[in-house]
Amino acid sequence: MSKVGIFFGPLNGSVNRVADKMKAALGEENVEMVSVNEAEVSDLERFDKIIFGISTVGKETWDSNYSNNDWNKFFPKISEANYSGKTIAIFGLGDHVTYAGHFVNAMGVLAKELMKNGATNIVGQVSTEGYEFEESEAVIDGKFIGLPIDEDFEPELTDKRIADWIEHIKPAFGL
Ligand SMILES: Cc1cc2nc3c(=O)[nH]c(=O)nc-3n(C[C@H](O)[C@H](O)[C@H](O)COP(=O)(O)O)c2cc1C
């Protein structure tokens with residue numbers, strides 16, 4: 001069976017930690033981890049099942065001068081691949097207290113870019129109930145386009161959020 005590619009970044013932070021937990025929940029043998037720090041368009045093309053993991057660091061993320069973000073480098077490559085026929089899910093790290101007005105925005109920005117490039121099968125939408133925030137670009141048609149995780153202020157909820165979400169998306173990934 002083809003593997004799920006977990007494209008994540010940056011390395012060594014909250015996204016990385018959550019990505020590792022996702023891998024364990026999906027079954028290590030079903031997953032290949034791909035750091036966006038080193039990934040190429042050809043890596044995106046290798047997978048028909050992809051989970052993206054991204055954090056929001058500044059409301060404009062990769063357009064900003066916050067250079068310590070592996071996604072800065074990778075984001076332009078996103079639009080060079082085509083996602084039609086691929087099954088995709090996204091999780092996003094954010095901070096719902098300090099950045100309530102931009103909560104997990106990067107997840108929404110990424111999703112919109114994927115949709116522009118043929119992604120029609122983004123799975124794993126999450127109800128906004130249970131999250132406190134003011135605004136988020138990641139809310140599309142009334143739901144989060146993927147799974148928001150807040151390791152800064154709600155780390156105690158992370159494991160259950162991951163477990164519930166993985167159970168929910170597994171069938172779409174053929175697992
Ligand atoms: C400079 C900076 C800007 C941030 N901006 C946002 C934001 O706009 N929205 C949000 O939800 N979280 C924001 N955060 C919180 C991070 O997304 C959060 O701490 C996340 O867990 C970081 O994960 P990482 O260490 O894997 O990058 C920001 C954090 C930093 C340091």
Side-chain angles (χ1 to χ4, degrees), residues 4-26 28 31-40 43-44 47 50-78 88-116 122 124-166 169:
V4 178
I6 300 186
F7 284 69
F8 70 98
L11 282 166
N12 303 323
S14 302
V15 172
N16 199 158
R17 200 163 54 245
V18 169
D20 287 342
K21 289 183 176 188
M22 301 253 171
K23 177 184 174 184
L26 283 165
E28 296 210 3
V31 173
E32 184 177 330
M33 302 293 271
V34 184
S35 159
V36 299
N37 187 31
E38 294 169 351
E40 297 298 334
D43 291 305
L44 289 165
F47 293 93
I50 299 179
I51 297 177
F52 290 101
I54 190 166
S55 55
T56 304
V57 282
K59 61 188 163 112
E60 275 129 27
T61 328
W62 36 83
D63 292 335
S64 76
N65 291 325
Y66 190 72
S67 58
N68 191 18
N69 184 346
D70 296 354
W71 272 97
N72 267 338
K73 235 171 67 181
F74 187 61
F75 193 75
K77 297 179 190 168
I78 284 288
I88 293 171
I90 309 173
F91 66 90
L93 271 289
D95 163 349
H96 81 289
V97 175
T98 321
Y99 302 98
H102 311 283
F103 183 50
V104 294
N105 267 10
M107 188 162 69
V109 177
L110 172 61
K112 285 170 196 164
E113 199 57 33
L114 294 168
M115 290 182 215
K116 261 195 234 164
I122 299 182
Q125 280 74 50
V126 171
S127 167
T128 55
E129 275 171 43
Y131 289 90
E132 277 181 36
F133 65 103
E134 285 158 21
E135 277 188 49
S136 174
E137 268 201 61
V139 176
I140 297 175
D141 295 335
K143 283 188 159 189
F144 286 112
I145 191 69
L147 177 70
I149 299 269
D150 184 343
E151 281 281 272
D152 298 325
F153 285 96
E154 293 177 334
E156 70 283 1
L157 300 182
T158 296
D159 286 355
K160 180 160 168 32
R161 281 176 170 164
I162 292 173
D164 290 351
W165 191 66
I166 290 290
I169 65 170

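First listed ligand is number 1; within each ligand, the first listed atom is number 1.
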Heavy-atom distances under 4.0 Å decide this one: backbone, side chain, both or neither, for L93 against ligand 1? both

What are the two closest heavy atoms between W165 and G124, and how far apart are they? NE1-O, 2.9 Å

For ligand 1, does H102 get within less than 4.0 Å through its side chain, its backbone, both, or neither, judged by non-hydrogen atoms? both

Could you give the side-chain donor-acceptor pairs of residues 157-164 under 3.5 Å, partners two or more places apart or in another chain?
{"from": "T158", "atom 1": "OG1", "to": "E151", "atom 2": "OE2", "distance (Å)": "2.6"}
{"from": "T158", "atom 1": "OG1", "to": "P155", "atom 2": "O", "distance (Å)": "3.3"}
{"from": "D159", "atom 1": "OD1", "to": "K21", "atom 2": "NZ", "distance (Å)": "2.7"}
{"from": "K160", "atom 1": "NZ", "to": "D164", "atom 2": "OD1", "distance (Å)": "3.3"}
{"from": "K160", "atom 1": "NZ", "to": "D164", "atom 2": "OD2", "distance (Å)": "2.7"}
{"from": "R161", "atom 1": "NE", "to": "Y131", "atom 2": "OH", "distance (Å)": "3.3"}
{"from": "R161", "atom 1": "NH1", "to": "E154", "atom 2": "OE1", "distance (Å)": "2.8"}
{"from": "R161", "atom 1": "NH2", "to": "G130", "atom 2": "O", "distance (Å)": "3.4"}
{"from": "R161", "atom 1": "NH2", "to": "E154", "atom 2": "OE1", "distance (Å)": "3.0"}

Listed partners of F7 passing ring-ring contact (aromatic ring centres under 6.0 Å, His included), at least two apart: F47, F52

Consider every N or O of S14 and every N or O of ligand 1, then say whether any pair is closer than 3.5 Å. yes

Which option, V104, N105, T56, owns the non-hydrogen atom nearest atom 11 (O) of ligand 1? V104

A111 to I140 - nearest heavy-atom pair and separation: CB-CD1, 4.3 Å

D95 heavy atoms, cut-off 4.0 Å: which ligand 1 atoms fall inside? 10 (C), 11 (O), 12 (N), 15 (C)

Out of F8, Y99, F103, whose heavy atom sits nearest atom 2 (C) of ligand 1? Y99

For G13, the ligand 1 atoms with a heavy-atom partner under 4.0 Å come out as 25 (O), 26 (O)

Under a 4.0 angstrom heavy-atom cut-off, which atoms of ligand 1 come close to D152? 15 (C), 18 (C), 19 (O)

Atom indices of ligand 1, in the order listed, that fall short of 4.0 Å to a heavy atom of V15: 26 (O)

